[in-house]
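Below you'll find the structure, written out as structure tokens, and then a few comments.
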2 protein chains.
Amino acid sequence: MFQGEFSNNMDDKGRVSIPAVFRDTLKSHHADERIVITRSPHTRHLVAYPMREWKRLQSRIAATPPSPQLRAFKRIVLGSAQEYTPDRQGRVLIAPAMREYANMERVIHFAGAGETFEIWDRASWDRQLEADLALARDFELGL
Amino acid sequence: MFQGEFSNNMDDKGRVSIPAVFRDTLKSHHADERIVITRSPHTRHLVAYPMREWKRLQSRIAATPPSPQLRAFKRIVLGSAQEYTPDRQGRVLIAPAMREYANMERVIHFAGAGETFEIWDRASWDRQLEADLALARDFELGL
DNA sequence: ATTGCTTACCCACAATTCCCCACTAAATGC
DNA sequence: GCATTTAGTGGGGAATTGTGGGTAAGCAAT
């Protein structure tokens, strides 16, 4: 499980450290540090999948009946997907197109999301959080 | 049961002592000092769950029908959740992202809340208390 | 082939976190 | 009241994590 939130800095070359906690999860639960990073179709941020989860997503896509929406989804998600292996310092180099898509400046925010984790520009994340707070403010769980 | 209120100081490294009473409750009622600390979606403070309660919350979330509010709730609560084990002095190191969220300065206020307990910045707590007093002024319990 | 750009790999430093010990102040027992 | 325990606080130092560059290898365009 990927849990917790962390902010790291992207350097001038476009590299960011994956939070150590997440790398540990990859190694211990997946025995494989490789991740696939792709666009989130919902809002402008990126999503990182451990290999196993990525394969799962692929088969879910394959099992979905074709439609214009699915084709759009595939272009957004599959089209941009790229495999990354962290370097010896635990960093990955985010491709320029992805940086633009997610409006990434310097401060990158990582947020655990269970089987995957999200990668945001910090300012975008802050905005999203505000919006989420407003949405969830009056929300109560059933028991 | 977590009851009572306590204020402790966060040191320069971001560590705060969990009130001894709460640690005792954890050990005696839960046989497990680990807690999960996460954001409260309602106001800007944190909530600490003993492991057992955290699992309960997870299953309540899983049993709730999907909705935009639930997704927001999950982002806020599950995404930021992190497991902590107090150090030998009974302290935990609050992650920077969480400190910011709850506007934590130096004085941290702990408030028992039954099965969980809340962690506030002291000033925020004082303000909240004022607001609560105003709200509860004319309130009477039914029987 | 040469130049210029990008990426991969490596090293070095800085910052953060973890683990331990020590001190103070408050609470407890006699 | 005085000694003893316990809670909370501060800090040192080692280990881990994050950051910044340097250099060499790969590739594309000239």
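Note that these values count all heavy atoms, side chains included, but never hydrogens, waters or copies made by symmetry. Reminder, nothing fancy here: chain letters follow the sequence lines and each chain counts from 1.
- When the P atom of D:dG20 is taken as reference, atom CE of A:M10 falls 11 Å away, rounded to whole Å.
- Residues in residues 61-87 of chain A take part in these salt bridge (charged side-chain N to carboxylate O under 4.0 Å, His left out) pairs, two or more places apart or across chains: A:R34-A:E83, A:D87-A:R91.
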For residues 20-28 of chain A, tabulate all N or O donor-acceptor pairs below 3.5 Å that involve a side-chain atom, not counting sequence neighbours.
from	atom 1	to	atom 2	distance (Å)
A:R23	NE	A:I18	O	3.0
A:R23	NH2	A:I18	O	3.1
A:T25	OG1	A:V21	O	3.0
A:S28	OG	A:D24	O	2.9

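- Other members of the hydrophobic cluster containing B:L141, listed by chain and number, are B:F139; membership follows side-chain contacts under 4.5 Å among ILVMFWY residues, whether direct or relayed.
- Within a heavy-atom distance below 4.0 Å of DNA chain D, the residues of residues 80-100 of chain B found are B:Q89, B:R91.
- Applying the salt bridge (charged side-chain N to carboxylate O under 4.0 Å, His left out) rule to pairs touching residues 129-141 of chain B yields nothing, sequence neighbours excluded.
- For DNA chain C, the span of nucleotides reached by chain A at under 4.0 Å from its heavy atoms goes, 5' to 3', from C:dT7 to C:dC11.
- In this structure, the side-chain hydrogen bond (donor to acceptor under 3.5 Å, both in side chains) partners of B:E5, at least two apart in sequence or on a different chain, are B:H109.
- In this structure A:F73 satisfies the side chain to side chain contact (heavy atoms under 4.5 Å, CB included) test together with A:P41, A:I61, A:V77, sequence neighbours excluded.
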In residues 46-58 of chain B, what donor-acceptor pairs under 3.5 Å come from side-chain atoms, sequence neighbours left out?
from	atom 1	to	atom 2	distance (Å)
B:R52	NH2	B:H29	O	2.7
B:E53	OE1	B:R56	NE	3.3

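- Take A:N9 and apply the side chain to side chain contact (heavy atoms under 4.5 Å, CB included) test, not counting sequence neighbours, and it matches A:R106, A:V107.
- Every residue meeting the side chain to side chain contact (heavy atoms under 4.5 Å, CB included) condition with B:A113, not counting sequence neighbours, appears here in chain and number order: B:T116, B:E118.
- Ring geometry, B:H45 versus B:W120: the interplanar angle falls under 30°, so the pair is classed parallel (tilted spans 30 to 60°).
- Near DNA chain D, meaning a heavy atom under 4.0 Å away, the residues from residues 11-24 of chain B are B:D11, B:K13, B:R15, B:S17, B:I18, B:P19, B:A20, B:R23.
- Between A:N9 atom CG and D:dT17 atom P the separation is 18 Å, expressed in whole Å.
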